[in-house]
**Q** 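Following this message is one structure expressed as structure tokens.
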Number of protein chains: 2
Amino acid sequence: MDAKTLCLGALMLGDASGYEIRKFYEDGPYSAFHAVSLGSIYPALNALLTDGLVTVCEMAQDGRPAKKVYTVTEQGKAVFMRGLEGSPGADRFRSDMLFILAFGHVLPPARRTALLDGYLEEYQRMRAELAACIDANPDVPAGRRFVRDFGLAVYEAVITYVAENRHILEDVVDDAVKEKV
Amino acid sequence: MDAKTLCLGALMLGDASGYEIRKFYEDGPYSAFHAVSLGSIYPALNALLTDGLVTVCEMAQDGRPAKKVYTVTEQGKAVFMRGLEGSPGADRFRSDMLFILAFGHVLPPARRTALLDGYLEEYQRMRAELAACIDANPDVPAGRRFVRDFGLAVYEAVITYVAENRHILEDVVDDAVKEKV
DNA sequence: GCGTCCATGTAAATGGTTACATGATTAT
DNA sequence: ATAATCATGTAACCATTTACATGGACGC
């Protein structure tokens, strides 16, 4: 998803500043499937402003820098909904870890184990974070409930798979000695 | 993973041409987690050649254009193995579909159902393809076995989740009428 | 005839991230 | 003191993908 659509999507759920949009996609339960950096949010927001899809309101805050709060216009909402009509591109699951683990059987056993431990910990951390987030606000609309539970299901599947199948990699001491690739 | 590492990785499993490397990552059981296009493979291969990490051999074929088959050098293997040492970046699961479905409860019911049907079909197709690929050659080294079974586990988790939870989105006819976002 | 697979390569276009630039406040 | 959080914005940099360029063989 391009930065403009991502910004518009966040604003559909409520007014926000660029900084807040970044937080929304970085921390929240949607971080599993989407990402945007500030370097693309700010230009996107200005482009949306030029196109009349959002309006701004500069909000002074004490003890903090002023922030620019953006609001979607009616036109912006229409454009967003129309953008949802096209057929979505295929999901992309990219993993450096799995590239490395594809050669796991020729890695030093200690490294292999460290890698698997770290991988499991990382997913367990993400699962716990998402679960906490779901517990914190259980009453979100169906769409978002579907997506965040989806995330939980994927995290769980990964954790279960790795825990149950890491032996495939760790039981190959003999093979490693034979220098098989 | 950058194109050069991806090429080197494919060549670690056997000599190949650029075209064949693309096929390896596009069709095979590794397509779930990695991707490279020809536009980045050919320049990558030439860079590896310049660095002495691979060698080429032009192979004439009858009825077909000649192909350049690349082979990893000892230095190439060493560089590749060293490249595996760094700590891998986090997994990235990006999904336009889930972005759209996050607004699924305000989509026209017919569109919503079509989207979910298509999504399920797509994952079922990928699962079947991967399963067939696994059946076709069951005896791969542990590393690759771990990765491709990982893919299968993820596909299965997605299919199960969507089948069992699509009702979350499809049961909101009432809400849609109330124009809730 | 038309599309697809084989096969390589370059260049333009794309779209992002990272780093830079600035600066106040608060927590450790 | 030092780092982190809040807050915006620009520009350099990076790596891709897409399209272009070329061309024979094979199936429909």
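So that the names make sense, note that chain A is the first sequence line, chain B the second, and so on, each numbered from 1. Nothing here was measured: the structure is a model prediction, and the numbers come from that model. Worth knowing before you read on, the calculation uses all heavy atoms, side chains too, and leaves out hydrogens, waters and symmetry mates.
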**Q** Would you mind checking if A/K67 and A/E20 are paired as a salt bridge, meaning a charged N to carboxylate O distance below 4.0 Å?
**A** yes

**Q** Reading DNA chain C from 5' onward, which residue's closest nucleotide shows up sooner: B/Y42 or A/V36?
**A** B/Y42

**Q** Quickly work out the A/K4 NZ to C/dG16 C1' distance and round it to whole Å.
**A** 15 Å

**Q** Considering non-hydrogen atoms only, spot the tightest contact between A/A32 and A/Y155 and give its length.
**A** CB-OH, 3.2 Å

**Q** Roughly, in whole Å, what's the span from CZ in A/R94 to P in D/dA15?
**A** 17 Å

**Q** Please evaluate residues A/F103 and B/F80 with respect to the criterion ring pair (Phe, Tyr, Trp, His ring centres under 6.0 Å), reporting the C-alpha separation (whole Å), side-chain torsions for both, the decisive distance (0.1 Å), and the verdict.
**A** CA-CA 11 Å; A/F103 296 90; B/F80 178 75; 4.8 Å; yes

**Q** Would you say a side-chain N or O of B/Q61 is under 4.0 Å from OP1 or OP2 of C/dA7?
**A** yes

**Q** Taking 4.0 Å as the cut-off, does a side-chain nitrogen or oxygen of A/S37 come that near to OP1 or OP2 on C/dT18?
**A** no

**Q** Roughly, in whole Å, what's the span from CG in B/L38 to P in D/dT22?
**A** 18 Å

**Q** Remember a base hit wins even if backbone is also touched, and classify B/G39 as base, sugar-phosphate or nothing at under 4.0 Å, heavy atoms.
**A** base

**Q** Rounded to whole Å, please give me the gap between CD1 in A/I41 and P in D/dT8.
**A** 10 Å

**Q** When you match A/D2 and B/S17 each to their closest nucleotide on DNA chain C, which lands nearer the 5' end?
**A** B/S17

**Q** Would B/F24 and B/Y30 count as a close aromatic pair, with their ring centres under 6.0 Å?
**A** yes

**Q** Is there a side-chain contact between B/K68 and the phosphate of C/dG9, meaning an N or O under 4.0 Å from OP1 or OP2?
**A** yes

**Q** Is the shortest side-chain N/O distance from A/S40 to OP1 or OP2 of C/dT17 below 4.0 Å?
**A** yes

**Q** Looking at A/C133 and A/R148, what are the two nearest heavy atoms and their distance?
**A** O-NH1, 4.5 Å

**Q** Give the rounded distance in Å between these two atoms: NZ of B/K67 and P of C/dT8.
**A** 8 Å

**Q** In whole angstroms, how far is the P atom of D/dC6 from the CD1 atom of A/I21?
**A** 15 Å

**Q** A/K23 side chain N/O closer than 4.0 Å to the phosphate oxygens (OP1, OP2) of D/dC6?
**A** yes

**Q** Centre-to-centre under 6.0 Å for B/Y161 and A/F146, is that the case here?
**A** yes

**Q** Would you indicate what A/M59 reaches in the nucleic acid, counting non-hydrogen atoms under 4.0 angstrom: base, sugar-phosphate, or nothing?
**A** nothing

**Q** OH of B/Y70 versus C1' of C/dA7: gap in Å, rounded?
**A** 11 Å

**Q** For a quick check, with a 4.0 angstrom heavy-atom cut-off, what is the B/S/- contact string for nucleotides 23-28 of chain D, read 5' to 3'?
**A** B-S---

**Q** How close do A/L120 and A/R166 get, counting heavy atoms only, and between which atoms?
**A** CD1-NH1, 3.7 Å

**Q** How long is the line joining CG of A/L45 and C1' of D/dT8, in whole Å?
**A** 11 Å

